[in-house]
Amino acid sequence: MAERTFRIGGELEVRRLGFGAMRLPTEPRDARAAAVEVARRAVDLGVTLIDTAHLYGGGANEELLAEALHPYPKDLLITTKVGVARTGPGGEWKLDGRPELLREQVGAALRRLRVERIELLQLHRIDPDTPFDDQIGTLRELRDEGLIGRVGLSEVTVGELARARRTVEIASVQNRYNLLDRAYEDVLTACEEAGIAFLPWRPVVAGASGERDEVAAVAAETGATATQVALAWLLGRSPVVLPIPGTASLAHLEENLAAADLVLDAGQRARLDRLAADTPPGPAV
């Protein structure tokens, strides 16, 4: 069975199967109450890694997690992301990695999450309109000032990861990756070689009919669901992989987390390994 825990940055020990909070609604009131229940249930079931971002409701998702979980259990890591803002020409969301904006969003996240330090802060995307070194350098400064503990990146190439590591230690990478979409295989390999946590977003995705049939066949053999098979495959893919499936459903939450106990045999893994790995990119999250 795959290792159940991983130390992010060599220090922060978390259970490898985490929770992505993006899908938790913050309104209306009844939906928000249900979302609070899901977040609390995730922690009750042993989740110690929760992912959120400023983009998710302009910080409303961070506030929801604080409402649900503060004061936080000592072993709970809530990581958030900055670098996307409503600064487009018409007030639309756009990548924005200007140092002053990154500092502003970190300050807001500290207040919303009700913490004095964000133990893992990730740059949501590299902004092509802001000098690369300015963005990474600002994250290093925030770390040196004690406002964040560790720096992570999202949706980066091997070259960008290597360049960032020349400025600051990188503790995590959050790229799109799943059983049927392995476009960032080289980034995962680089993370594995460096001991960097790899948090695949969109860890479960539907494929073509033949691919779905193969996953369904393995699910039937194991008595699991196709979603659980996809997550178990990720957990067995590399010890640095920390999937963060998201849901607003208690039933789906329990289904997802049960994947930690699913063991795929060598033959099943080999069949899944052969599935397509070149689906087109999805929307930024």
Side-chain angles (χ1 to χ4, degrees), residues 1-6 8 13-24 38-39 41-52 76-77 79 154-155 172-185 187-189 191-192 196-208 211-277 279 282 285:
M1 181 178 291
E3 290 291 330
R4 288 182 175 268
T5 64
F6 181 81
I8 298 177
E13 185 171 17
V14 297
R15 293 193 179 186
R16 289 180 56 210
L17 191 51
F19 177 70
M22 182 185 70
R23 295 186 182 181
L24 294 180
V38 170
R41 181 61 176 156
V43 173
D44 288 343
L45 291 173
V47 166
T48 56
L49 170 62
I50 296 179
D51 174 80
T52 183
L76 178 63
L77 171 64
T79 175
S154 181
E155 210 67 359
S172 69
V173 167
Q174 187 169 331
N175 276 25
R176 187 189 70 254
Y177 187 87
N178 57 59
L179 175 60
L180 304 179
D181 181 358
R182 308 176 208 172
Y184 286 113
E185 192 78 46
V187 179
L188 171 55
T189 298
C191 288
E192 188 172 26
I196 295 171
F198 186 90
L199 284 63
W201 63 264
R202 192 190 283 177
V204 179
V205 69
E211 295 165 337
R212 291 198 301 270
D213 290 346
E214 188 64 64
V215 176
V218 173
E221 293 167 11
T222 58
T225 66
T227 293
Q228 289 169 335
V229 168
L231 291 171
W233 180 85
L234 279 172
L235 289 170
R237 170 61 186 82
S238 168
V240 306
V241 171
L242 281 61
I244 46 172
T247 181
S249 161
L250 285 172
H252 288 161
L253 171 68
E254 295 182 0
E255 174 189 350
N256 291 343
L257 296 181
D261 297 319
L262 176 60
V263 178
L264 303 174
D265 65 32
Q268 291 163 340
R269 291 201 62 84
R271 287 155 56 195
L272 296 172
D273 287 345
R274 289 193 291 267
L275 295 179
T279 52
V285 299

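- Between Tyr177 and Trp233, the ring planes are parallel. Angles under 30° get that label, and only those over 60° would be called perpendicular.
- Looking at heavy atoms from C-beta onward, Phe19 lies in side-chain contact with Leu24 at the 4.5 angstrom threshold.
- Listed by chain and number, the residues in a side-chain hydrogen bond (donor to acceptor under 3.5 Å, both in side chains) with Ser238 are Glu192 (sequence neighbours excluded).
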Set out, in order, the CA-CA distance, both residues' side-chain angles and the distance that settles side chain to side chain contact (heavy atoms under 4.5 Å, CB included) for Leu188 and Val240, then state yes or no.
CA-CA 8 Å; Leu188 171 55; Val240 306; 3.9 Å; yes
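- Within the model, atoms OG1 of Thr52 and CD1 of Ile50 stand 9.5 Å from one another, a figure rounded to the nearest 0.5 Å.
- With a 6.0 Å radius and a threshold of 12 heavy atoms from other residues, nucleotides or ligands, Arg15 has its CZ atom at or below the threshold.
- Between the Arg176 side chain and the Asp181 main chain, no donor and acceptor come within less than 3.5 Å of each other.
- By the side-chain hydrogen bond (donor to acceptor under 3.5 Å, both in side chains) test, Glu221 is found to be paired with Gln268, Arg271, residues two or more places apart in sequence or in another chain being considered.
- Taking every heavy atom of both residues into account, Leu264 and Val229 meet most closely at CD1-O, 4.1 Å.
- Annotation for Thr247 and His252: closest pair OG1-CB, 3.3 Å, computed over non-hydrogen atoms.
- Among all heavy-atom pairs drawn from Val204 and Ala230, the shortest one is CG2-CB, 4.2 Å.
- Residues Asn256 and Leu17 are not in side-chain contact: their nearest non-hydrogen atoms beyond the backbone lie 4.5 Å or more apart.
- Side-chain contact check for Leu179 versus Leu234: every heavy-atom pair is 4.5 Å or farther apart.
- The number of heavy-atom neighbours closer than 6.0 Å to CZ of Arg269, taken from other residues, nucleotides and ligands shown, is above 12.
- For the residue pair Gln228 and Leu262, the shortest heavy atom distance occurs at O-CD2, 3.6 Å.
- Thr222 is linked by a side-chain hydrogen bond (donor to acceptor under 3.5 Å, both in side chains) to nothing, counting only residues two or more places apart in sequence or in another chain.
- Applying the side chain to side chain contact (heavy atoms under 4.5 Å, CB included) criterion to Ala197, with sequence neighbours excluded, gives Phe6, Ile8, Ser172, Leu199, Leu242.
- Listed here is the closest heavy atom pair of Gly18 and Leu257: O-CD2, 4.2 Å.
- With contacts defined as side-chain heavy-atom distances shorter than 4.5 Å, the pair Leu275/Arg182 qualifies.
- The closest side-chain heavy-atom distance from Pro200 to Asn178 is not below 4.5 Å.
- Within the structure, every pair that satisfies the salt bridge (charged side-chain N to carboxylate O under 4.0 Å, His left out) test and touches residues 233-244, not counting sequence neighbours, is listed here: Glu185-Arg237.
- Closest heavy-atom contact between Leu76 and Val47: CD1-O, 3.9 Å.
- Counting only heavy atoms from C-beta outward, the side chains of Pro203 and Ile244 never approach each other to under 4.5 Å.
- Partners of Glu13 according to the side-chain hydrogen bond (donor to acceptor under 3.5 Å, both in side chains) rule, which considers only residues two or more places apart in sequence or in another chain, are Thr5, Arg7.
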What do the steps show when you test Asp261 against Arg4 for side chain to side chain contact (heavy atoms under 4.5 Å, CB included), and what is the final call?
CA-CA 9 Å; Asp261 297 319; Arg4 288 182 175 268; 2.3 Å; yes
